[in-house]
Amino acid sequence: MMQHLYSRGRWLVASGLLLSGMYFGISALSTAATASEKNSVAMQSPVPAGYERACGECHMAYPPVLLPVKSWERLMSQLDNHFDENAELLPEEHVKVDKYLISNAGYEGQGLLQNMQEKAPLRITLLPEYLHEHDELKKEMTTENPQVVSLSNCDACHQDSVLARFEEDMINIPGFGPWED
């Protein structure tokens with residue numbers, strides 16, 4: 001009888017551990033799904049007209065997820081001297097664009113925001129993860145390519161860059177074709 005109770009007790013402990021592990025595993029997966037969903041929702045939220053108009057004149061209107069909140073706050077606070085250009089918005093546009101960028105910003109450890117050395121970088125093209133992802137490209141493919149010209153011209157090669165999708169199988173370098181790593 002004692003042997004039976006001992007075996008039953010071990011079974012209950014093992015079952016409890018298994019169920020706990022399953023619970024915490026499912027919880028972790030749902031948290032990851034929530035973070036992933038947040039990014040896809042961020043890319044589906046309406047983009048204020050001022051953002052597309054003002055930012056799209058000189059470069060693509062970057063998806064907010066590419067920079068953290070502190071970066072967007074810094075950029076928005078100095079639009080009168082935005083990389084030596086005046087990118088000021090009308091007051092009502094400024095409020096809408098600021099809210100959009102802040103509420104859809106990326107967070108450290110996500111995408112290109114891995115291994116950040118500066119907590120509020122202003123240039124996406126200087127992020128360590130960005131540099132790592134682009135280190136195999138030759139100048140003929142990028143800065144010397146008349147269809148690309150600049151590494152900040154993401155949408156020249158990344159077909160879904162506006163949606164913050166930068167998968168390697170979605171890269172098509174003008175004049176060179178699909179990227180093969």
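Hydrogens, waters and symmetry mates play no part in the numbers below; they use all other heavy atoms, side chains included. Sequential numbering from 1 along the given sequence is applied to the chain's residues. Since we're looking at a predicted model, the values are computed, not measured.
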> Does one hydrophobic cluster hold both V149 and L151, with members joined at side-chain heavy-atom distances below 4.5 Å?
no

> Roughly how far, to the nearest 0.5 Å, is the OG1 atom of T125 from the CG atom of L66?
11.5 Å

> Just how far is it from atom NE2 of H59 to atom CD of E85, taken to the nearest 0.5 Å?
10.0 Å

> Is the backbone of A105 close enough, under 3.5 Å, to the side chain of W72 for a donor and an acceptor to pair up by distance?
no

> Any ion pair linking E140 and K138 (charged N to carboxylate O, less than 4.0 Å)?
no

> Does the W179 side chain pair with the main chain of D169, one donor and one acceptor, at a distance under 3.5 Å?
no

> Quick check: is L122 connected to I124 through a chain of hydrophobic side chains (ILVMFWY, heavy atoms under 4.5 Å apart)?
yes

> With no hydrogens and no angle check, is any side-chain donor or acceptor of S103 less than 3.5 Å from a backbone partner on K99?
yes

> Crowded around E180 CD? As in, over 12 foreign heavy atoms under 6.0 Å?
no

> Determine yes or no for a side-chain-to-main-chain donor-acceptor pair under 3.5 angstrom, with Q114 supplying the side chain and G111 the backbone.
yes

> Could you tell me if the side chain of L131 sits less than 4.5 Å from the side chain of D135, heavy atoms only?
no

> If we only count heavy atoms from C-beta on, is the M116 to P121 side-chain gap below 4.5 Å?
yes

> When hydrophobic residues are tied together by side-chain contacts of less than 4.5 Å, even through go-betweens, does L101 share a cluster with F83?
yes

> Would you say F166 ends up clustered with I173 if hydrophobic residues are merged whenever their side chains have heavy atoms under 4.5 Å apart, either directly or through other cluster members?
no

> Where do E88 and H94 land on the side-chain contact (heavy atoms from CB on, under 4.5 Å) test, with the steps shown first?
CA-CA 8 Å; E88 288 181 291; H94 190 281; over 6 Å; no

> Between Q110 and Y107, is there a donor-acceptor pair closer than 3.5 Å when you use the side chain of the first and the backbone of the second?
yes

> Begin with the C-alpha distance, continue with both residues' side-chain angles, and end with the deciding distance and a verdict on side-chain contact (heavy atoms from CB on, under 4.5 Å) for L67 and L112.
CA-CA 8 Å; L67 287 174; L112 292 180; over 6 Å; no

> Can you classify the ring geometry of H158 versus H134 as parallel (below 30°), tilted (30 to 60°) or perpendicular (above 60°)?
perpendicular

> If the threshold is 4.0 Å, N to carboxylate O, is there a salt bridge linking R74 and E118?
yes

> To the nearest 0.5 Å, what is the distance between OG on S77 and NE2 on H82?
11.5 Å

> Do N145 and P174 come within less than 4.5 Å of each other through their side chains, counting heavy atoms only?
yes

> State, yes or no, whether a side-chain contact exists between L79 and M76 at a heavy-atom distance under 4.5 Å.
yes

> Tell me, yes or no, whether the heavy-atom count around K119 atom NZ, taken from other residues, nucleotides or ligands under 6.0 Å, exceeds 12.
yes

> How about S161 and M60: do any of their side-chain heavy atoms sit closer than 4.5 Å?
yes

> Taking the side chain as C-beta and beyond, is there a heavy-atom pair between L113 and E129 under 4.5 Å?
no

> How many angstroms lie between atom CD1 of I102 and atom NZ of K70, to the nearest 0.5 angstrom?
12.0 Å

> Below 4.5 Å, heavy atoms only, C-beta onward: do V148 and C157 meet side chain to side chain?
yes

> Looking at Y62 and S152, would you say the former's side chain and the latter's main chain have a donor-acceptor pair under 3.5 Å?
yes

> Strictly distance-based, threshold 3.5 Å: is any side-chain N or O of N104 a donor or acceptor partner for the main-chain N or O of Y100?
yes

> So, the side chain of D160 versus the backbone of L163: is there a donor-acceptor pair under 3.5 Å, distance only?
no

> Do the non-hydrogen side-chain atoms of L89 and Y51 ever get within less than 4.5 Å of each other?
no

